[in-house]
Chemist: 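Below is a structure I'd like to ask you about.
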Amino acid sequence: MTLQQVPEKVQKQINMLRETINQHNYQYYVLDDPNIPDSEYDRLLRELIDIETEFPKLVIPNSPTQRVGATPLSEFGEIKHTVPMLSLSNAFNDEEMQAFNKRINERLETDVVMYSAETKLDGLAVSIRYENAVLKTAATRGDGYSGENITHNIRTIQSIPLNLIGDNIPELLEIRGEVFMTHKGFEELNNKQREKDGKLFANPRNAAAGSLRQLDPKITAQRSLSFFAYGIGDYKGDIEFTSHTQILEQLKQWGIPVSPETKELKNLNSCLNYYKDIGERRASLAYEIDGVVFKVNDLLQQQAMGFVSRAPRWAIAYKFPPIEEITRVLDIEVQVGRTGAITPVARLEPVFVGGVTITNATLHNLDEVLRKDVRIGDWVYIRRAGDVIPEVVSVIKEKRGDVTEFKMPEVCPVCNSTVERQEGEATYRCMGGLSCAAQNIQAIIHFISRKAMDIDGLGEKIVVQLTEAGLVNTVDELYSLTKEQVASLERMGEKSADNLIEALDKSRETTLDRFIYSLGIREVGEATARSLAQHFKELELIETASIEKLEQISDIGPVAAHNIHSFFQEPHNIKIIEILKKNIHWPVVEENESTTLDGMTFVITGTLSTMGRTEARQKLMALGAKVSGSVSKKTTYVVYGDSPGSKYEKAVQLGVKTLTEQEMLELL
Ligand code: IVH
């Protein structure tokens, strides 16, 4: 299709979508006040992607869909900073702050100085250049005079706008700020790294740096990076700035995120209070900071102060004390996580670190215990960074006396199931699966998920409520829930309770492969579950299959075979499966059965003549189809019998294909 043929309506819709998405980004990242649910945002983005896929000529580089476009670089280019990127002088105590304030008072010949008080984010300084509202280039600080061209990576950071919004947009604007990783992003990244035995990052700063200095922007895009601006470099525009806080306020108006902790303060005392206040709240901030920054707010006064070597005389970073302390390991115990991972935890002699008393620190896994050579009785350095779980940094070997080595337990301390470590994995896991209380919430969430038992209306929140209320401890107990029990949960109406029970009932008919998949056996995804069902045809045969037999199946390797075998050996699991078998049914897996309806969604409406709707549903599902109760654009076919209802009309309206009963039978 050529540009001329693109209907005006489409261009208008695209413009509207881009504008709406940018506006929502602004609400979310700058104002921290989203006004639509994530699902609605995803829907808008999806719609834009769909239209842009259909009309590729309408794609522009700064469309919100184009954050990861570039192909990997072979090396970073260089960008010169037209206005140098300076650093800050430091203060480490109140006296040094007093000296800083005194210098300013003297030079400006006044006792009254307004300061901009900010947090000192612990990340990487970057400079981002906008020309006529459009993000053009971005660079690291480098030596302050030139840095690396990281434009392609900066574009993947969701909170950095690709286009400025608002009024009085300058011809040229260079924003200076910090790219950082939140504690949550850091934890998630390290967990992922741990799972694939990749390199662990020591702290969020290193993780942010490592993520930003990737030649492949696709990798950066997967890392959760954030950004706050703290100033500007080069600037050509109509607005004449008179103060630093005015600049920050204006950046916000243009859609650039600025730290919400920034304050305008008068004189030294309020600055010292700010330092104290932020220090107390440091641990509960979502990101790491290593101090606070004070800047003379008035720009003319800044000019009057000038610079000393490579730092301004009008600003200072007041650093926080370190967050490492020394204490003693009283014991090493293990904790069982939601995925069965067994984590060694050091029990410590209580110690005050970074504002709170610490009594435990994680040791991650056995390899870490051995690598750091931590033993019970050792003196160790403990590090606590914000909300991050405190960790043992290193052992003070010189202080070692009478110590005991840690041994990984052979059985799970929660459920007594065996503990195993898989080849190539650092983590030991409890093999209790469904039966281990520490794992059950996760197991239930997997069990009810769309590709497993597909229980509509039972989300993660309700699962947590059900387990907390003691109503459901293991997946089998879902099927003995009564409407009254469900309705007794907080924020649960009669109608929702009815719907949930109905959804649970509906899930009682399924297919063998879905059932196997829903058990959540490690390494058994949908495809493996299907192979198992196809090969063995009966659950009992899978339950009793030897490792050798399992390994004979084409896509089952030794690890999966071992997991399947151990899973069905576990007495707790056997008990739960017995109860499930009484509640859940599936049709016999037929010979030559193929899975040609994989990925298709069917809706059945009206009365069928050769079979009931339940049977039709089972037959379709046995071939890999999903059968849904409502028609949407995603529906593949609507099968209609006699006196079809409104679902048929909706299908016609949405242009969804319809099938007669006969046509469905042919397809089957
Ligand atoms: S102002 C001319 N403000 O600290 C002053 N820097 O040691 C330039 N930093 O390279 C910096 N938070 O990476 C400033 N609110 C803040 C900051 C901040 C973190 C970092 C920045 C800079 C380093 C200076």
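Whatever order the structure lists them in is the order used to number ligands and atoms, beginning at 1. Only a predicted model underlies this, so the values are computations on that prediction, with no experimental measurement involved. When reading the values below, keep in mind they use all heavy atoms of this one structure, side chains included, and skip hydrogens, waters and symmetry mates.
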Chemist: Compute the minimum heavy-atom distance from K295 to ligand 1 and say whether it is under 4.0 Å.
Modeler: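 Heavy atoms of K295 do come under 4.0 Å of ligand 1.
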Chemist: Any idea which atoms of ligand 1 are less than 4.0 Å away from a heavy-atom of A125?
Modeler: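 What qualifies from ligand 1 is 10 (O), 13 (O).
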Chemist: Please state whether T119 comes within less than 4.0 angstrom of ligand 1, counting heavy atoms only.
Modeler: yes
Chemist: Provide, to 0.1 Å, the distance between atom 8 (C) of ligand 1 and the closest protein heavy atom, together with that atom's residue and name.
Modeler: L86 O, 3.7 Å
Chemist: Between ligand 1 and L121, is the shortest N or O to N or O distance under 3.5 Å?
Modeler: yes
Chemist: Looking at L88, N90, D94, which one forms a side-chain contact (heavy atoms from CB on, under 4.5 Å) with Y318?
Modeler: D94
Chemist: For A315, state whether at least one heavy atom is located under 4.0 Å from any atom of ligand 1.
Modeler: no
Chemist: So, applying side-chain contact (heavy atoms from CB on, under 4.5 Å) with L348, which one of L330, D331, I382 is it?
Modeler: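 Result for side-chain contact (heavy atoms from CB on, under 4.5 Å) with L348: I382.
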Chemist: For the residue pair Y287 and F228, is the inter-centroid distance of their aromatic rings smaller than 6.0 Å?
Modeler: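 For Y287 and F228, the ring centres are under 6.0 Å apart.
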Chemist: Please tabulate, for the side chains in residues 78-87, all donor-acceptor contacts under 3.5 angstrom to protein atoms that are two or more places apart in sequence or on a different chain.
Modeler:
from: E78; atom 1: OE1; to: K80; atom 2: NZ; distance (Å): 3.4
from: H81; atom 1: NE2; to: T140; atom 2: O; distance (Å): 3.0
from: H81; atom 1: NE2; to: R141; atom 2: O; distance (Å): 3.2
from: T82; atom 1: OG1; to: E174; atom 2: OE2; distance (Å): 3.4
from: T82; atom 1: OG1; to: D234; atom 2: OD2; distance (Å): 3.0

Chemist: So if I count the atoms of ligand 1 from 1 in the order they appear, which ones are less than 4.0 Å from some heavy atom of R141?
Modeler: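 It comes down to these atoms of ligand 1: 10 (O).
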Chemist: Check E178 against ligand 1 and report side chain, backbone, both or neither, counting heavy atoms closer than 4.0 Å.
Modeler: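 Under 4.0 Å from ligand 1, E178 contributes side-chain atoms alone.
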Chemist: Considering heavy atoms of the protein only, find what lies nearest to atom 15 (N) of ligand 1 and give residue, atom and distance to 0.1 Å.
Modeler: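 Ranked first by proximity to atom 15 (N) of ligand 1 is E118 OE1, 2.8 Å.
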Chemist: So how far is it from K263 NZ to N273 CG, rounded to the nearest 0.5 Å?
Modeler: 11.0 Å
Chemist: Which heavy atom of H152 sits nearest a heavy atom of Q214, and at what distance?
Modeler: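 Looking at all heavy atoms of both residues, the shortest contact is NE2-O, 3.5 Å.
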Chemist: Compare L88, V83, D122, V258 and give the one whose heavy atom is closest to atom 5 (C) of ligand 1.
Modeler: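 The residue whose heavy atom sits nearest atom 5 (C) of ligand 1 is L88.
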Chemist: Quick one: which of F228, F180, Y230 has a heavy atom closest to atom 18 (C) of ligand 1?
Modeler: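 That would be Y230.
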Chemist: Between R213 and N153, does any side-chain donor sit less than 3.5 Å from a side-chain acceptor?
Modeler: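 No, no side-chain donor-acceptor contact under 3.5 Å.
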Chemist: Taking the six-membered ring for Trp, are F100 and Y115 parallel (under 30°), tilted (30 to 60°) or perpendicular (over 60°)?
Modeler: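 Tilted, since the angle between the ring planes falls between 30° and 60°.
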Chemist: Which protein non-hydrogen atom lies closest to atom 23 (C) of ligand 1, naming both residue and atom, and how far is it?
Modeler: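 Here the closest protein heavy atom is K120 NZ, 4.1 Å.
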Chemist: Could you tell me whether the side chain of N62 and the main chain of L162 form a donor-acceptor pair under 3.5 Å?
Modeler: yes
Chemist: Check each atom of ligand 1 against the heavy atoms of P312 and keep those under 4.0 Å away; list them by number with element.
Modeler: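 Counting from 1, the qualifying ligand atoms are 2 (C).
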